[in-house]
**Q** 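There's a structure below that I have some questions on.
Chain naming here is simple, since letters A, B, ... match the order of the sequence lines and numbering starts at 1 in each.
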Amino acid sequence: MRLSRSLVPTLKETPAEAQIASHRLMLRAGLVRQTSAGIYAWLPAGWRVLQNIARIVREEQDAAGAQEMLMPTIQPADLWRQSGRYDAYGPEMLRIRDRHDREMLYGPTNEEMITDIFRQSVKSYRELPQNLYHIQWKFRDEVRPRFGVMRGREFLMKDAYSFDLDYEGAVISYRKMMLAYMRTFQRLGLKAIPMVADTGPIGGNLSHEFIILAPTGESQVYYDAAFEQIDPASGEFSFDSNADLARCYERLTTPYAATDEKHDPVAWEGVPDRREGRGIEVGHIFYFGTKYSEPMGLAIAGPDGKPLVPHMGSYGIGVSRLVGAIIEASHDDAGIKWPDSVAPWKAALLNLKQGDAACDAICTDIYRRLGNDLLYDDREDRAGVKFADADLMGHPWHIVVGPRGAANGKVELKRRATGERTEVSVADALARIA
RNA sequence: CGGGGCGUAGCUCAGCCUGGUAGAGCACAGCGUUUGGGACGCUGGGGCCGGAGGUUCGAAUCCUCUCGCCCCGACCA
């Protein structure tokens with residue numbers, strides 16, 4: 001994309017409403033604009049990041065055998081009456097009436113809806129297990145939205161729902177998701193730690209939160225340094241092997257890890273290499289058995305012909321929250337440092353001297369080759385402005401084309417994460433980035 | 001939902017206490033000089049001072065109500 005033709009409104013100064021780094025940088029880098037408290041418009045650069053995160057989440061869900069679908073944002077109140085949650089959920093749920101005065105709501109989650117869909121079509125134990133997910137906007141009317149997209153009212157979430165014949169099957173589904181989550185977060189450039197968690201209003205009795213470490217995290221966390229060695233994406237574990245899943249689960253849940261609410265000072269004393277810090281919750285998985293299938297009348301024919309009530313679990317990832325979380329974990333004073341996997345563009349191309357024949361020729365050439373993967377800063381601005389904006393926006397690579405090097409076909413390649421700069425030929429620059 | 005604070009130009013903010021024709025810096029447009037880390041000069045455009053009532057000859061400024069937003073706490077992907 002050409003920056004001169006793009007809506008990427010970077011700000012030199014920090015808007016007054018932003019307190020924490022990620023919120024500040026998301027506004028300054030032109031990723032989002034707030035439209036109401038806790039509700040954001042995603043501008044082109046931010047939307048690209050959001051889609052990149054969603055893509056990785058999707059790939060790992062698919063790899064774990066989950067099926068993607070899409071459920072609506074607006075749901076009928078009736079469904080929630082069947083589970084008993086319509087009254088239980090409280091003012092956090094945005095309730096709406098349509099023109100016929102029917103009670104509707106903007107979904108904060110989809111257990112009821114998926115259970116309803118599932119019970120309409122699935123009749124036999126032969127069709128289980130299944131895991132269905134979607135990536136959809138949710139709304140929770142938080143009393144106090146804050147921290148930008150990290151605690152918004154409207155947010156994009158991946159939520160998956162598993163259906164199994166019994167507890168043993170549900171545990172396997174649960175472990176698959178745990179592995180998929182670890183791989184997902186690793187691909188996003190994050191170190192995530194599964195911690196024993198409260199189940200909250202979703203309910204159930206087996207639950208882990210996925211916490212990433214960041215100094216500005218919302219909760220105090222305690223964990224064994226052993227987690228720093230775990231590499232879930234090594235390929236060591238297969239989704240198809242129950243033995244692998246069991247080993248993976250054990251490795252991920254044996255060392256001590258807990259948030260403030262679940263912290264056990266006595267057990268903590270016995271941890272060999274203790275670490276404390278702040279954490280951001282980016283995912284949450286639950287097993288809740290028949291909490292929804294039972295009251296909502298989901299029953300299928302079992303092998304003996306008798307009705308069988310499936311055991312369920314649900315698995316959430318805060319996709320929009322992750323944008324903020326990644327920035328919290330990866331930035332410096334100058335701006336964002338995007339991991340390659342989620343960056344809005346692979347690289348920025350800085351033409352330091354618009355109108356210089358050599359600079360223009362090199363830039364045109366590079367732009368023709370990389371096109372949409374590249375943000376071409378072709379603005380009529382001074383070099384300093386372009387450097388500052390490129391650092392702020394956090395592109396993984398900066399290709400700097402100035403009159404000094406351009407004369408003999410050289411460009412400067414800068415790695416944003418490390419600050420390392422090298423002077424290379426155009427061909428070498430393209431090869432490094434590819 | 002309790003406590004605190006703020007709404008003045010696209011952004012950061014001054015002016016309000018003590019009422020008298022709306023300000024600065026940045027950004028934007030034009031011209032000139034600059035040109036490898038957020039340049040300089042000149043000129044120019046841009047505001048129903050969040051909204052509604054009230055007090056007053058006169059309100060950004062004082063009073064009442066209201067809406068919005070932010071922060072701390074209690075609660076959550």
**Q** If you check the A/Ala37 side chain, which of B/A74, B/A77, B/C70 turns out closest?
**A**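 Looking only at side-chain atoms, A/Ala37 lies closest to B/C70.
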**Q** Would you measure the distance from the P atom in B/G23 across to the matching atom in B/C1 and give it in whole Å?
**A**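 Approximately 42 Å lies between the P atom of B/G23 and that of B/C1.
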**Q** Evaluate whether the aromatic ring of A/Phe155 and the six-membered ring of the B/A77 base sit under 5.5 Å apart, centre to centre, with an inclination under 30°.
**A**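 By the stated criterion, A/Phe155 and B/A77 stack.
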**Q** What residues, two or more places apart in sequence or in another chain, satisfy salt bridge (charged side-chain N to carboxylate O under 4.0 Å, His left out) together with A/Arg369?
**A**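 Partners of A/Arg369 under the salt bridge (charged side-chain N to carboxylate O under 4.0 Å, His left out) test: A/Asp365.
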**Q** Can we call the ring centroids of A/Tyr174 and A/Tyr287 under 6.0 Å apart?
**A**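 Ring-ring flag for A/Tyr174/A/Tyr287: false, centres at least 6.0 Å apart.
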**Q** Starting from the 5' end of RNA chain B, give me the residue, A/Pro15 or A/Ser320, whose nearest nucleotide shows up first.
**A**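 Closest to the 5' end, via its nearest nucleotide, is A/Pro15.
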**Q** Answer with base, sugar-phosphate or nothing: what part of the nucleic acid does A/Ala388 contact at a heavy-atom distance below 4.0 Å?
**A**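 It contacts base atoms.
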**Q** Return the minimal non-hydrogen interatomic distance between A/Pro403 and A/Asp356, and the atom names on each side.
**A**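 Taking A/Pro403 first and A/Asp356 second, the nearest heavy atoms are CB-OD2, 4.2 Å.
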**Q** Looking across every strand, which nucleic acid part, if any, lies under 4.0 Å from A/Lys353 by heavy atom: base, sugar-phosphate, or nothing?
**A**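 The residue A/Lys353 makes no contact with any strand.
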**Q** Mind checking whether A/Arg140 and A/Arg153 have side chains closer than 4.5 Å, heavy atoms only?
**A**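 A side-chain contact under 4.5 Å is absent here.
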**Q** Distance check, C1' atoms only: B/C48 and B/C40, in whole angstrom units.
**A**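 The answer is 36 Å between these two C1' atoms.
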**Q** Using the P atom in both, what is the distance from B/G10 to B/G46, to the nearest Å?
**A**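 About 12 Å, rounded to a whole number of Å.
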**Q** How far, in whole Å, is B/G36 from B/G47 if one measures between their C1' atoms?
**A**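 Comparing C1' positions in B/G47 and B/G36 gives a spacing of 39 Å.
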**Q** What is the nucleic acid contact for A/Arg33, judged by heavy atoms within less than 4.0 Å: base, sugar-phosphate only, or nothing?
**A**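 The residue A/Arg33 makes no contact with any strand.
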**Q** Could you check whether A/Thr109 and A/Glu111, counting side-chain N and O atoms only, form a donor-acceptor pair closer than 3.5 Å?
**A**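 Judged by distance alone, the side chains do pair up.
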**Q** Answer whether the closest heavy-atom distance between the side chains of A/Tyr161 and A/Met113 falls below 4.5 Å.
**A**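 No, side chains not in contact.
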**Q** Can you tell me the distance, in whole Å, between the CZ atom of A/Arg140 and the P atom of B/A77?
**A**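 Computing the A/Arg140:CZ to B/A77:P distance gives 6 Å.
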**Q** On a plain distance test, is the side chain of A/Arg151 in donor-acceptor contact with the base of B/C75 below 3.5 Å?
**A**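 In this structure, the two groups form a donor-acceptor pair.
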**Q** Please report the distance separating the C1' of B/C70 from the corresponding atom of B/U12, rounded so that it comes out in whole Å.
**A**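 About 15 Å, rounded to a whole number of Å.
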**Q** CD of A/Glu218 versus P of B/C76: gap in Å, rounded?
**A**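 A/Glu218 atom CD is separated from B/C76 atom P by 11 Å.
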**Q** Nearest to the side chain of A/Val385, heavy atoms from C-beta on, is which of B/C1, B/A77, B/G38?
**A**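 Of all the options, the side chain of A/Val385 is nearest to B/G38.
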**Q** Answer with base, sugar-phosphate or nothing: what part of the nucleic acid does A/Pro108 contact at a heavy-atom distance below 4.0 Å?
**A**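 Contact class for A/Pro108: none.
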**Q** For the side chain of A/Glu17 and the base of B/G68, is some donor closer than 3.5 Å to an acceptor across the two?
**A**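 Per atom types, no contact qualifies.
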**Q** Using the P atom in both, what is the distance from B/U66 to B/A29, to the nearest Å?
**A**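 Those two atoms are separated by 43 Å.
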**Q** Taking the nucleotide of RNA chain B with the closest heavy atom to each, which residue, A/Arg144 or A/Gly316, is nearer the 5' end?
**A**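 Nearest-nucleotide comparison on RNA chain B picks A/Arg144.
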**Q** Taking the C1' atom in each of B/C11 and B/G38, what is the distance between them to the nearest angstrom?
**A**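 Result for the C1' pair: 14 Å, nearest Å.
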**Q** Classify the side chain of A/Arg146 and the base of B/G73 as holding, or not holding, a donor-acceptor pair under 3.5 Å.
**A**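 Result: no qualifying N/O pair found.
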**Q** Give a yes or no on whether a donor-acceptor pair under 3.5 Å exists between the nucleobase atoms of B/G38, that is its base, and the side chain of A/Asp381.
**A**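 In this structure, the two groups form no donor-acceptor pair.
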**Q** Which whole number of Å gives the distance between the C1' atom of B/G44 and that of B/G4?
**A**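 43 Å, rounded to whole Å.
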**Q** Select base, sugar-phosphate, or nothing to describe what A/Glu412 touches, counting heavy atoms under 4.0 Å on all strands.
**A**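 Touches a base.
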